[in-house]
Each structure stands twice: as C-alpha cells, then as structure tokens.
Colleague: 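One structure, as structure tokens, below. Some questions next.
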Amino acid sequence: MSMTQDELKQAVAKAARDYVADTVPAGAIIGVGTGSTANFFIDALAAIKNRIDATVASSEATKMRLEGHGIRVLDLNEVSSMPVYVDGADEITSGLAMVKGGGGALTREKIVAAVADKFVCVCDESKLVDTLGKFPLPVEVIPMAREHVARQIAKLGGQPKLRAGFVTDNGNVILDVRGLNISDPVGFETALDGIVGIVTNGLFARRGADLLLLATPAGVRQMGK
Ligand code: 5RP
C-alpha cells in the first residue's frame, strides 16, 4: 500500500524521536526546527518529554507548539550547547547540503543549528535532489535593502521575487529566488553572505546536515552519521 506524504513525514518524525531517545543523554536540551515535518517531530517528542530537560525553538510557531505539549522552551541565550538539532528541509543533496526557509524561519534555524553539535535532517524522499535550486531559494532581507539585494542577486543569475504579505519573526522580508542551479552550494552560500542587506540565505551548506533520516515507503533510510 502506498503511503501519503504526511504518513512519510510522521514515520520520519518518529524515527527522529527514537534517535533522540537512544542517543541523547537524559536531561539534555534539544534544538527544534520549523515546518510540517518538524511539527510531527514535536508531536512525537511529547511522548518522551520527561527524558529531556528543555528545548530551543527556531520560530514562534514551534515555540507555541512545544509549549502546547507542556515542553519547556528556553531562550537560545540561556544555552551554550545542545547535542542535537532536528529540522526538515525543502531540498537536500546526498552530500547533505540543504535549501531551507520555505516556512520563512531560516534565520533562527541557522542560528539554533550553529549551537548544536549535530544537525539531524528529517525529510520524506521527495526532498532528496541531485542539484539544489529547483525549489526557490529563500533569502531573508532587511526591508530597506530589498531592491538593492534583488539587483545583486539578479547579477548572480537568480530571479528574486518578494514573498507577498510575509514578515519574518525578525521583522524582515523574504525574497524567493528562482532560476538557480546550484552546483557549488558552499560557494554560493558564501557569495550571498557577501551581499549587504541579506540577513540570512537559505543555503545550509557550510554547516549542512550531519545525519539525514529519509522516509521512503520501504522504511526510514539513514545517510551520514
Ligand atoms: C522552514 C523550513 C522547513 O524546514 C522547510 O520548509 C521544510 O518544511 P516541511 O517539513 O513543511 O516540508 O526550512 O523555514
């Protein structure tokens, strides 16, 4: 019987919950991502909430969902290290470079991930690609820099489009960049970081995932470690 995309997301969320239960010391602090797959992870995490001390959330939406389950959420400034950060992705390569930010939470995601020892990415198999860029690359921009950044991105070959009616948790806007075929994710992430006015770009390549849990109808595959 075939599985729906939600069933695949649920299966990988449970696998990530089991990974946390099996590998993370009792009383640890866990970083938690944003999006529909992360939401299934949060719901699964509730079953082992007594094993963890607290979490750090990568968005206001994630914070609310965690607290709704009675799971404690700390400000990142109170936390100096975390064994693991669990989050989804919009695209991921077999080299574990990702495009993220479809939900617009890329900046806080990149920051929380930076504090974690290990990035565990949870995806259904539709997210695994040979080359990043088919999914429009989200870029969070300071509002007054929007047109400047758009012109610079066009020079790099992308077609930026303002995400209409969307404001990030940080009060900024998102440009979704189409028309990219990203053969060098680390180089392109670095190039975008050099454009003044960009807060964060959605390439997670310099710090990619360490472990990918990938849901397939045949079971959850592991790539990386
Ligand atoms: C949010 C993200 C998400 O991880 C990404 O959009 C994947 O979401 P979903 O699990 O709903 O497919 O980066 O900013």
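Since the structure is predicted, the reported quantities are computational estimates derived from the model, not experimental observations. Note that the numbering runs from 1 along the sequence shown for the chain. Atoms within a ligand are numbered from 1 in the order they appear, just like the ligands themselves.
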Colleague: Can Lys110 be said to sit on top of Phe204's aromatic six-ring, NZ or CZ under 6.0 Å from centre and within 45° of the ring axis?
Modeller: yes
Colleague: I need the contact type for Pro138 against ligand 1. Using non-hydrogen atoms and a strict under-4.0 Å cut-off, is it side chain, backbone, both or neither?
Modeller: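 It is neither part, as no heavy atom is under 4.0 Å.
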Colleague: Just one of Thr34, Thr107, Asp169 clears the side-chain hydrogen bond (donor to acceptor under 3.5 Å, both in side chains) bar with Ser59, so which one?
Modeller: Thr34
Colleague: Nearest protein heavy-atom contact for atom 13 (O) of ligand 1: which residue, which atom, what distance?
Modeller: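 Going by distance alone, atom 13 (O) of ligand 1 is nearest to Gly101 N, 2.8 Å.
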Colleague: Identify, for atom 1 (C) of ligand 1, the protein heavy atom at the shortest distance, and state residue, atom and that distance.
Modeller: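 The answer is Glu109 OE2, 3.1 Å.
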Colleague: Using modelled atom types and a 3.5 Å cut-off, is there a donor and acceptor pairing between side-chain atoms of Lys49 and backbone atoms of His69?
Modeller: yes
Colleague: For Thr190 and Arg206, what are the C-alpha separation, side-chain angles and deciding distance, and is it a side chain to side chain donor-acceptor pair (under 3.5 Å)?
Modeller: CA-CA 8 Å; Thr190 304; Arg206 286 201 303 255; 2.9 Å; yes
Colleague: With no hydrogens and no angle check, is any side-chain donor or acceptor of Glu91 less than 3.5 Å from a backbone partner on Val99?
Modeller: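 No.
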Colleague: Should Asp90 and Lys100 be marked as a salt bridge (Lys or Arg N to Asp or Glu O under 4.0 Å) after you check the CA-CA gap, both sets of side-chain angles, and the distance that decides it?
Modeller: CA-CA 5 Å; Asp90 299 304; Lys100 290 183 49 53; over 6 Å; no
Colleague: Counting distance only, does the side-chain N/O of Arg51 pair as donor-acceptor with the main-chain N or O of Ala21 below 3.5 Å?
Modeller: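 Between the backbone of Ala21 and the side chain of Arg51 there is a qualifying donor-acceptor contact (under 3.5 Å).
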Colleague: Less than 4.0 angstrom from a charged side-chain N to a carboxylate O is my criterion; do Glu140 and Arg163 meet it?
Modeller: no
Colleague: Among protein heavy atoms, which sits nearest to atom 4 (O) of ligand 1, and what does the distance come to when rounded to 0.1 Å?
Modeller: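 Its nearest protein heavy-atom neighbour is Lys100 NZ, 2.9 Å.
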Colleague: List the steps, then state whether side chain to side chain contact (heavy atoms under 4.5 Å, CB included) holds for Leu128 with Thr93.
Modeller: CA-CA 6 Å; Leu128 185 64; Thr93 66; 5.8 Å; no
Colleague: Distance under 4.0 Å to a non-hydrogen atom of Asp90: what atoms of ligand 1 satisfy this?
Modeller: 5 (C), 6 (O), 7 (C)
Colleague: Kindly confirm or rule out an N or O of Ala105 lying under 3.5 angstrom from an N or O of ligand 1.
Modeller: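 So ligand 1 has an N or O lying under 3.5 Å from an N or O of Ala105.
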Colleague: Check Lys225 with Asp210, please: is the shortest side-chain N to carboxylate O separation under 4.0 Å?
Modeller: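 The answer is no: the pair does not qualify as a salt bridge.
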Colleague: Any atoms of ligand 1 less than 4.0 Å from a non-hydrogen atom of Gly104? List them with their elements.
Modeller: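 Those of ligand 1 that fall under 4.0 Å from Gly104 are 14 (O).
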Colleague: Could you tell me the residue and atom name of the protein heavy atom closest to atom 9 (P) of ligand 1, and the distance to it rounded to 0.1 Å?
Modeller: Ser36 OG, 3.3 Å
Colleague: Please report which non-hydrogen protein atom sits nearest to atom 12 (O) of ligand 1, along with the residue it belongs to and the distance in Å to one decimal place.
Modeller: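 Looking at atom 12 (O) of ligand 1, the protein heavy atom closest to it is Lys127 NZ, 2.7 Å.
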Colleague: I'd like to know whether ligand 1 has Gly33 as a neighbour, heavy-atom separation below 4.0 Å.
Modeller: no
Colleague: Starting from atom 10 (O) of ligand 1, locate the nearest protein heavy atom and write down its residue, its atom name and how far away it is, to 0.1 Å.
Modeller: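 Ranking protein heavy atoms by distance from atom 10 (O) of ligand 1, first comes Thr37 OG1, 2.6 Å.
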Colleague: Using a 4.0 Å cutoff against the non-hydrogen atoms of Gly88, which atoms of ligand 1 qualify?
Modeller: 4 (O)
Colleague: Only heavy atoms of Gly103, strictly under 4.0 Å: list the atoms of ligand 1 that pass.
Modeller: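 Result: 1 (C), 6 (O), 14 (O).
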Colleague: Nearest protein heavy-atom contact for atom 3 (C) of ligand 1: which residue, which atom, what distance?
Modeller: Thr34 O, 3.2 Å
Colleague: Taking only heavy atoms of Gly35, which atoms of ligand 1 are found under 4.0 Å from at least one of them?
Modeller: 11 (O)
Colleague: Please list, in number order, the atoms of ligand 1 under 4.0 Å from a heavy atom of Asp87.
Modeller: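 Reading through ligand 1 atom by atom, the close ones are 4 (O).
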Colleague: Counting only nitrogen or oxygen atoms and a 3.5 angstrom limit, does Ala38 reach ligand 1?
Modeller: no
Colleague: Go through Glu147 and Arg151 one step at a time and tell me if the salt bridge (Lys or Arg N to Asp or Glu O under 4.0 Å) criterion holds.
Modeller: CA-CA 6 Å; Glu147 292 304 317; Arg151 287 189 293 272; 5.0 Å; no
